[in-house]
2 protein chains.
Amino acid sequence: MSTTIYDVAAEAGVSMATVSRVVNGNPNVKPATRTKVLDAIQKLEYRPNAVARGLASKRTTTVGVIIPDISSIFFSELARGIEDIATMYKYNIILCNSDNNKEKEIHLVNTLLEKQVDGILFMGGEITEEHAEQLNRSHVPVVLAATFHEDGDFPSVNIDYVQAAKDAVMMLIDKGHERIGMVSGSLEDPVNGYQKFRGYKDALSSKGKEFDESLIAIGDYTYDSAIEAVQQLLSKDNRPSAIFVATDEMALGVIHGLQDQGINVPEDVEVVGFDNTRLATMVRPTLTTVVQPMYDIGAVSMRLLTKYMNKEEVSDGVVVLPHRLEYRNSTKA
Amino acid sequence: MSTTIYDVAAEAGVSMATVSRVVNGNPNVKPATRTKVLDAIQKLEYRPNAVARGLASKRTTTVGVIIPDISSIFFSELARGIEDIATMYKYNIILCNSDNNKEKEIHLVNTLLEKQVDGILFMGGEITEEHAEQLNRSHVPVVLAATFHEDGDFPSVNIDYVQAAKDAVMMLIDKGHERIGMVSGSLEDPVNGYQKFRGYKDALSSKGKEFDESLIAIGDYTYDSAIEAVQQLLSKDNRPSAIFVATDEMALGVIHGLQDQGINVPEDVEVVGFDNTRLATMVRPTLTTVVQPMYDIGAVSMRLLTKYMNKEEVSDGVVVLPHRLEYRNSTKA
DNA sequence: CTGAAAGCGCTAACAA
DNA sequence: TTGTTAGCGCTTTCAG
């Protein structure tokens, strides 16, 4: 069949062990021998079999990545950060979509473990007990990216969602807004729902403002759902003069939903988004938003994972990346 | 270490061969034995080692996917189609970004082949001789998705780009436009550049219209580059009254570039995009565009690949999916 | 229906 | 510096 290490050994007139050494860059090989082997490799177009190597060495240089939905503009950018760093450290990636579905997630973890990945990078809504159990059913390191875990016993990379949301709403309050609306994701969702919602409430209470439930509308992260959510907010008699939106895509929906009703942004209503995806500059007016560095979250989490896979010392496995507000034209100057 | 097929065999009081049969669903096992084995598997929490299996069977149930950039809204949707069908057929995916860089692409093919993938799904600008050679340096099947190959000796899934572009421009001509601009990708780029450009010219000549180079502006597929491209078109004295844009993202740039100059879309200038990404409905006015079914291209190409991997008969390896125009508000009714 | 045994292609001691 | 030799955990004949 295809040429093996034995063929190369025979061609070069050495033992297979020597070929293995050359292939693996082991320095204990006489330069002359190395050359002979390299020539044989080239002549036979030898290509090492990573599967055999993986079986013998118990390292596959492959990591599993579980992501809710790669077609989401948010996660795809995160994935790019992951992949770039993985490549840098010579790892390949097995990419799996979970749709945030718990059964799928657990099934995927198992599949990845069967494939003997050297580590797992997990993105999802939440880590339950069952997740933790399955993830620990093996000794491979796991890093959580943009994912919530109450007990914090997994390494993870996030921003401070509560504080970030609070910052955005505080800014709105400081501009004098009395009624600030929020278009949130499902409150069952730890990150995009609950934590951002909590930041919203924290901001209100820290400024001594009353919370008014009628100012909250729930979307499902799609553009269209946000258009509907905004209608809901507008149908109340006491309209908000500013709206904080949990994601950029929904923020575009909010802006257009407002404009479709003849309401001007930011003159009549100011809008603030969250994420700073590429969408934020692709609307008129351009979107003021909380910057969440997706690419960096991916990159940093992959870097962290490589440290664990190499058994390097890690001082702090729970990393919180900085966030900030990017002011554009959906808020007044 | 971790439990192996031997441990299970011992626990169940059978041979490892029998365990293997049970795990692989081989029907030649007495139900009673099967139950014993299954119990042992459960008790020991046995998880088959896919790497060992791959080495022994020469099948890894893994396919390699080479994609220019997963963070692109276009490719990430394609990737989702690929992944869904792969999952359906029990394959996993190793995802690699190539940035459309020939050296990287060739390197990646080699890496994937080392990892013993059962097949390769390739997306990229173009397949050169060198690509073809590397791809054939192994007997694994290869399918091209949304990728151009002159000689057509690889199976592939595409739409008819020339015809699709031609349809869009014809429509514009039929509406009475005398001067139709185009914002194109680089003409070196076979699909997004050259083919769509050819469709544009074909439409013109089939209607007996003169080609005017000053109506063409080149972008690099980004939103911002399209804004610049539009300035260029507007700076000429004989402005176009309609613009055909090679991708949706650039079309958004064109629309906003126009609006920023106080030009109304579609009243003053009509705009037609290409792809029908989710962006198309996320602008005001919403974008009239050529529908390219990205998800389907991914799904169909993966399905095609599974057929080759299973050595099924394939009647036609070169599939051309239908396209159509979706009329929205960036063109007049 | 079940077991024994020979690999799959490579790494990693251990010797020499 | 190089070779020998066990495995890694599984699939797959081939017997029985």
Side-chain angles (χ1 to χ4, degrees), chain A residues 1-38 40-41 44-62 90 111 113-118 138-140, chain B residues 1-38 40-41 44-62 90 111 113-118 138-140:
Chain A
M1 276 300 269
S2 60
T3 98
T4 75
I5 204 170
Y6 282 98
D7 304 323
V8 176
E11 173 74 25
V14 298
S15 77
M16 49 140 0
T18 300
V19 178
S20 175
R21 289 191 187 97
V22 171
V23 169
N24 292 295
N26 184 318
N28 296 337
V29 180
K30 193 162 47 163
T33 328
R34 180 183 306 280
T35 312
K36 265 196 309 190
V37 173
L38 256 15
I41 285 176
L44 301 181
E45 294 195 324
Y46 168 69
R47 187 194 299 118
N49 180 327
V51 171
R53 194 192 289 222
L55 181 58
S57 69
K58 300 181 164 308
R59 294 191 68 238
T60 54
T61 62
T62 301
K90 314 277 189 207
T111 304
L113 259 18
E114 285 187 4
K115 296 240 167 169
Q116 311 299 120
V117 294
D118 295 335
S138 150
H139 17 297
V140 314
Chain B
M1 277 297 270
S2 58
T3 98
T4 76
I5 203 170
Y6 282 98
D7 304 323
V8 176
E11 173 74 24
V14 299
S15 76
M16 53 147 350
T18 300
V19 178
S20 176
R21 288 192 187 96
V22 171
V23 169
N24 292 294
N26 185 318
N28 296 337
V29 179
K30 191 162 48 164
T33 326
R34 178 183 305 280
T35 311
K36 263 196 308 188
V37 173
L38 256 16
I41 286 177
L44 301 181
E45 294 197 327
Y46 169 69
R47 187 195 299 118
N49 180 326
V51 171
R53 194 193 290 224
L55 181 59
S57 69
K58 300 182 164 308
R59 295 192 67 237
T60 54
T61 60
T62 301
K90 313 277 188 207
T111 304
L113 258 20
E114 285 187 3
K115 296 241 166 167
Q116 312 299 120
V117 295
D118 294 336
S138 152
H139 15 298
V140 314

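The shortest heavy-atom contact between L38(A) and V22(A) is CD1-CG1, 3.4 Å. In this structure, L55(A) and V51(B) approach most closely via the heavy-atom pair N-CG1, 3.5 Å. Listed here is the closest heavy atom pair of V117(A) and T60(A): CA-OG1, 3.8 Å.
Using a 4.5 Å heavy-atom threshold, the side chains of I41(A) and V23(A) count as touching. The side-chain heavy atoms of K115(A) and T62(A), taken from C-beta on, include no pair separated by under 4.5 Å. Between R53(B) and T61(B), the closest side-chain pair of non-hydrogen atoms is not below 4.5 Å. Two residues are said to be in side-chain contact when any heavy atoms from C-beta on lie closer than 4.5 Å; N49(B) and T4(B) fail this criterion.
Under 4.0 angstrom from either OP1 or OP2 of dG9(D) there lies at least one side-chain N or O belonging to K58(A). Note on Y46(A): a side-chain N or O is less than 4.0 Å away from OP1 or OP2 of dC10(C).
Candidate nucleotides dG3(C), dT11(C), dC10(D) were compared by shortest atom distance to the side chain of S15(B), and dG3(C) ranks first.
Between the side chain of N24(A) and the backbone N or O of N26(A) there is no donor-acceptor pair closer than 3.5 Å. No donor-acceptor pair under 3.5 Å is formed between the side chain of S20(B) and the backbone N or O of M16(B). Remark: side-chain polar atoms of K58(A) are not paired, donor with acceptor, to backbone N or O of Q116(A) under 3.5 angstrom.
Rounded to whole Å, the distance from CE on M16(A) to C1' on dG3(D) is 11 Å. Computed from coordinates, the R53(A) CZ to dG9(D) P distance equals 18 Å when rounded to whole Å. Distance E114(A) CD to dG9(D) P: 15 Å, rounded to the nearest Å. The distance between atom CZ of R59(B) and atom P of dC10(D), rounded to the nearest whole Å, is 18 Å. Whole-Å rounding puts the I5(A) CD1 to dG3(D) C1' distance at 13 Å. Regarding R47(A), its CZ atom lies at a distance of 13 Å from the P atom of dG9(C), rounded to whole Å. When rounded to the nearest whole Å, the span between CG of D7(A) and C1' of dC8(C) equals 14 Å. Straight-line distance from the CG atom of N49(B) to the P atom of dG9(C): 17 Å, rounded to whole Å.
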Check the interface with nucleotides 14-16 of chain D: list each N/O to N/O pair with the protein under 3.5 Å, or write none.
none

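V51(B) comes within contact range of no nucleotide atom at all, as no heavy-atom separation falls under 4.0 Å.
Contacts between residues 24-33 of chain B and DNA chain D, defined by a heavy-atom separation under 4.0 Å, are made by N24(B).
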### Task
Give the dot-bracket string for DNA chain C, reading 5' to 3', where a pair is Watson-Crick or G-U wobble with both distances under 3.5 Å, ( ) marks pairs inside the strand, [ ] marks pairs crossing earlier ones, | marks a partner on another strand, and . marks unpaired.
||||||||||||||||
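Atom-to-atom distance recorded for R47(A):CZ and S2(A):OG is 8.0 Å, nearest 0.5 angstrom.
Of the residues near DNA chain C, T18(B) and L55(B), the one whose nearest nucleotide (by heavy atom distance) lies more toward the 5' end is T18(B).
Checking each of V8(A), I5(A), N28(A), T33(A) against T18(A) for a side chain to side chain contact (heavy atoms under 4.5 Å, CB included) leaves exactly one that passes, namely T33(A).
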